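This report refers to the structure that appears directly beneath it.
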Amino acid sequence: MSTNDPAVPAVDPTPTASLDFVREIVAADAAAGASIVTRFPPEPNGYLHIGHAKAICVDFGVAVEYGGICNLRFDDTNPVKEDVEYVDSIKADVHWLGFDWAGREFYASDYYERLYQDAEGLIRRGKAYVDSHSADEIRAHRGTLTEPGIDSPYRTRGVDENLDLFRRMRAGEFADGTHVLRAKIDMASPNINMRDPVLYRIRHADHHRTGNTWCIYPMYDYAHPLSDAYEGVTHSLCTLEYEAHRPLYDWVVRECEAAHTPRQIEFARLNLNYTVMSKRKLLQLVAQQHVDGWDDPRMPTISGLRRRGYTPESIRDFCARVGVAKKENVIDIGLLEHCVREDLNKRAPRAMAVLKPLKVVLTNYPEGQVETLAVVNNPEDATAGTRDVEFSRELYIEQDDFQEDPPKKFFRLAPGREVRLRNAYLITCQEVVKDASGAIVELRCTYDPATRGGDAPDGRKVKATLHWVSAAHAVNGEVRLYDRLFTAENPESAAEKSGQTFLDLLNPASLDVLRGCKLEPMLGTAPAGTRVQFERLGYFCADLDTAPGAPVFNRTVSLKDTWAKVAAREV
RNA sequence: UGGGACGUCGUUCAACGGUAGGACACCACGCUCUGGACGUGGUUAUCGGGGUUCGAAUCCCUGCGUCCCAGCCA
């Protein structure tokens, strides 16, 4: 069986026929002789999600396709929000996805001293000043979208005073919020990001890597372009919301007289329907226990998808299919599901599992007899071989596979009707046994001994094939069925329109735990991470909670279900 | 309202002045010991209005719509 180990499949280094706009740029630069350096720059303040997977595939993918390298750089410039737990999870997730940063693991915090020195350089050249306004005062002076800002009275401080103040900021002489270092650009710029943006702020806080050696921390807009420059990044790929920051990015690189000039290129982030993607909201789901942790299989996090049973290959395929462009997009979750199905169809061995058992007694089958049937492990993979499955007089089938009064398009078992038990025999339902309340508790059927293996020698056909499991041999297990986490395609906007919060739109049926499921014996000892197709039901993955003899499986995704569609239409 | 960006099938990505194409979804049919997979066929799109051109999704003008920016977050 295939498992969840981080075995890393090779990434296809061949670019696709028609290049996206980012690759067009990179290809042209590479053709002109540039050696390509990109970077994936997460802030360690949360777990990675499927949106990051797209960024990772682009950042690392572009690098490998053009013979370059991609750095993993943690943008850890805000100590109050960041934590090592997150850096560890991020590294694990990137690696699991199949990418390797070859030891090029960097941190913005590695550059604190250098960044500081460059800031002093800015001050010396009259390009930055210490502003002693409060945050409120700075905001009040910034102007609005339509009105220009007003110069701070501290804007004209001399170089020596600025240098002295900045050094004392570093030395810890001032309380949080009393001073900031600002770039001296243009308070009247129509681009608000250029109205003397803050470069450094005072934060007497421990940093997860530098401890208490610093009490001033650089802002993203200052640290990011310089980190790129220091690392020799050629193409700094990021999402659309940074487009308006690009003039500032370029300003910082230029005014700090960096030895290398990286280029920022923005593309549209990935959005998925029926979920939320912002780190803040995901954190909220975890903190308020609406889900069972960052790796809850309903979460769009990489760790959640992994626990759910998604393969790294399917996620990479998904990212390749959604493409790279500048248009805002919302991808249908169905595409992600299609990608796992396609991958798992070829790779996942089959097994039989009955989720909602209905007992079947074969009245003409000898009591105490057990037959061993050879069953194909994966019809899509000839190398997968066969396994032995026990068959006996008492079996379980799926409750959904029987109807006493079947509608016209229902092909499965019904009174008097003959169907095939997968890989076993043709059986005919003779009698329905009910309890006092009228509920169906057992079916009494006959089997045709001449149909062993599932084929009728007289060539007669049946319209349905059911999965089953031998009652005496089955192992009891728990199966967790997942559905979309939210009931609205776009939980944020739907909540806004109806005056609710996104939490009000959580799908109450997103998790359905089934106990007393009857599983084929081999499933009782499958290690966590084992992926398998339960025939006719879907792809499942042994959960972290699984234990020998007490298996727990997560449904990764159901099989496409034409009958469900037909049945829904009839209603 | 200032600035920046974006508008192509239901969704998403292509077409780079020369037949609007792929994928997912959807519909029909075929095949099938998984109502799965697979195969075949099909429906549906260039935001509006002007212009340039033999020819415009593509270039120009104009209108409309959507998104982003007023953190000492990233």
Side-chain angles (χ1 to χ4, degrees), chain A residues 16-20 24 41-43 45 75-78 80-82 131 133-136 138-139 142-149 176-182 189-195 197-203 216-217 219-221 223-224 238-247 266 268 273 279-280 321-332 334-339 341-342 345-346 350 352 376 379-380 409-412 419-424 426 451 453-455 461-467 533-538 558-567:
Chain A
T16 43
S18 131
L19 300 180
D20 59 67
E24 276 181 5
E43 183 190 16
N45 69 342
D75 245 327
D76 55 350
T77 56
N78 186 1
V80 304
K81 287 190 176 175
E82 296 155 7
D131 192 338
H133 265 332
S134 68
D136 284 344
I138 288 176
R139 187 177 313 119
R142 188 149 30 220
T144 68
L145 294 179
T146 52
E147 306 161 75
D176 288 8
T178 54
H179 306 275
V180 292
L181 184 72
R182 288 232 254 170
S189 172
N191 181 346
I192 292 180
N193 297 304
M194 299 297 272
R195 319 240 261 231
V198 172
L199 267 24
Y200 268 90
R201 76 287 216 189
I202 300 171
R203 276 250 210 292
I216 58 171
Y217 292 94
M219 300 287 289
Y220 166 88
D221 279 320
H224 198 90
C238 63
T239 45
L240 252 27
E241 66 267 28
Y242 293 102
E243 208 152 20
H245 293 245
R246 185 161 13 107
E266 312 84 12
N273 58 12
K279 279 194 201 172
R280 203 196 112 254
R321 288 179 192 238
V322 301
V324 180
K326 297 198 71 159
K327 198 182 73 157
E328 303 274 2
N329 60 78
V330 182
I331 308 293
D332 191 335
L335 182 60
L336 219 209
E337 295 176 343
H338 167 81
C339 291
R341 284 195 189 102
E342 187 175 77
N345 176 49
K346 286 182 284 224
R350 316 282 124 128
M352 291 195 286
V376 168
E380 301 290 325
K409 287 179 181 160
F410 184 86
F411 303 150
R412 283 110 98 145
V419 299
R420 172 168 37 238
L421 293 180
R422 176 91 163 136
N423 294 304
L426 266 40
T451 59
D455 284 312
K461 302 284 186 197
V462 290
K463 294 210 74 173
T465 298
L466 310 186
H467 60 278
Q533 183 197 98
F534 289 177
E535 290 212 49
R536 302 209 307 134
L537 297 176
S558 68
L559 251 30
K560 289 215 294 192
D561 190 345
T562 305
W563 163 240
K565 210 179 285 183
V566 172

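It should be emphasised that the depicted structure is a prediction, and the values quoted were computed from it without experimental measurement. Convention: sequence-line order gives letters A, B, ...; per-chain numbering from 1.
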May I have the distance from A:I331 (atom CD1) to B:A23 (atom P), rounded to whole angstrom?
16 Å
Give the nucleotide from the list B:G35, B:G3, B:C16 with an atom nearest to the side chain of A:F410.
B:G35
Counting only side-chain heavy atoms from C-beta out, which of B:G36, B:A74, B:A25 sits nearest to A:P379?
B:G36
Distance below 4.0 Å between A:S18 side-chain N/O and B:C13 OP1 or OP2
no
Only residue of A:D131, A:V198, A:L199 satisfying side-chain contact (heavy atoms from CB on, under 4.5 Å) with A:L181 is A:L199
Nearest-Å distance for atom pair CD/C1', residues A:E535 and B:A37
11 Å
According to the 5.5 Å centroid and 30° plane-angle thresholds, does A:Y220 stack upon the nucleobase of B:A74?
no
If only side-chain N and O atoms of A:R142 are considered, is one of them under 4.0 Å from the OP1 or OP2 phosphate oxygen of B:C72?
yes
Tell me the stems RNA chain B sits in, counting at least three consecutive Watson-Crick or G-U wobble pairs, each under 3.5 Å on both distances.
B:2-7 with B:64-69, B:10-13 with B:21-24, B:26-30 with B:38-42, B:47-51 with B:59-63
Contact under 4.0 Å: A:T465 side-chain N or O vs B:U32 OP1/OP2:
no
Taking the side chain as every heavy atom from C-beta outward, state whether A:P41 and A:H224 have any atom pair closer than 4.5 Å.
yes
note: A:H245, atom NE2; B:A74, atom C1'; distance rounded to Å ~ 9 Å
Does B:U34 have its OP1 or OP2 closer than 4.0 Å to a side-chain nitrogen or oxygen of A:H467?
no
Distance test, side-chain N/O of A:K327 to OP1/OP2 of B:U12, below 4.0 Å:
yes
Distance between C1' atoms of B:C64 and B:C29 (Å, rounded)
44 Å
A:I138 has its side chain closest, among B:C72, B:A74, B:U34, to B:C72
Using the side-chain heavy atoms of A:P190, tell me which of these nucleotides is nearest: B:A70, B:G2, B:A74.
B:G2
Between P of B:C69 and CG of A:D221, the distance in whole Å
13 Å
Can you see if the side chain of A:R139 gets near the phosphate of B:G71 - specifically, an N or O under 4.0 Å from OP1 or OP2?
yes
Separation of A:K463 atom NZ from B:G36 atom P, in whole Å?
13 Å
For the base of B:C68, is there a side-chain donor-acceptor partner from A:E328 under 3.5 Å away?
no
Students often get this wrong, so: under 4.0 angstrom with heavy atoms, is A:D455 touching a base, only sugar-phosphate, or nothing?
base
Is any side-chain N or O of A:R422 closer than 4.0 Å to OP1 or OP2 of B:U32?
no
Can you measure A:K409 atom NZ to B:A28 atom C1' for me and round it to whole angstrom units?
12 Å
Distance, rounded to the nearest Å, where A:L335 contributes CG and B:C26 contributes P
12 Å
Does A:K560 make a side-chain N or O approach to OP1 or OP2 of B:A37 shorter than 4.0 Å?
yes
Could you state the CD-P distance from A:E337 to B:U12, rounded to the nearest angstrom?
17 Å
To the side chain of A:K565, which of B:C72, B:A37, B:C27 is closest?
B:C27
On the side chain of A:R350, is there an atom forming a donor-acceptor pair with the base of B:U34 - under 3.5 Å, no angle test?
yes
Ignoring the backbone of A:R536, work out which of B:U34, B:A74, B:C16 is nearest its side chain.
B:U34
Judged by each residue's nearest nucleotide on RNA chain B, which is more toward the 5′ side, A:E380 or A:N329?
A:N329
Would one find a side-chain N or O of A:K461 under 4.0 angstrom from OP1 or OP2 of B:U32?
no
Tell me what A:S134 touches on the nucleic acid: a base, only sugar-phosphate, or nothing, going by heavy atoms under 4.0 Å.
base
Hey, which of these two, A:F534 or A:Y200, hits RNA chain B nearer its 5' end, going by closest nucleotide?
A:F534
Less than 4.0 angstrom from a charged side-chain N to a carboxylate O is my criterion; do A:E266 and A:R246 meet it?
yes
Touch check for A:V324, heavy atoms < 4.0 angstrom, all strands: base, sugar-phosphate only, or nothing?
sugar-phosphate
So what does A:A135 hit on the nucleic acid, given a heavy-atom distance under 4.0 Å: a base, only sugar-phosphate, or nothing?
base
So which nucleotide from B:C72, B:C68, B:U34 ends up closest to the side chain of A:R201?
B:C72
Picking from A:E82, A:K279, A:K81, what satisfies side-chain hydrogen bond (donor to acceptor under 3.5 Å, both in side chains) with A:N45?
A:K279
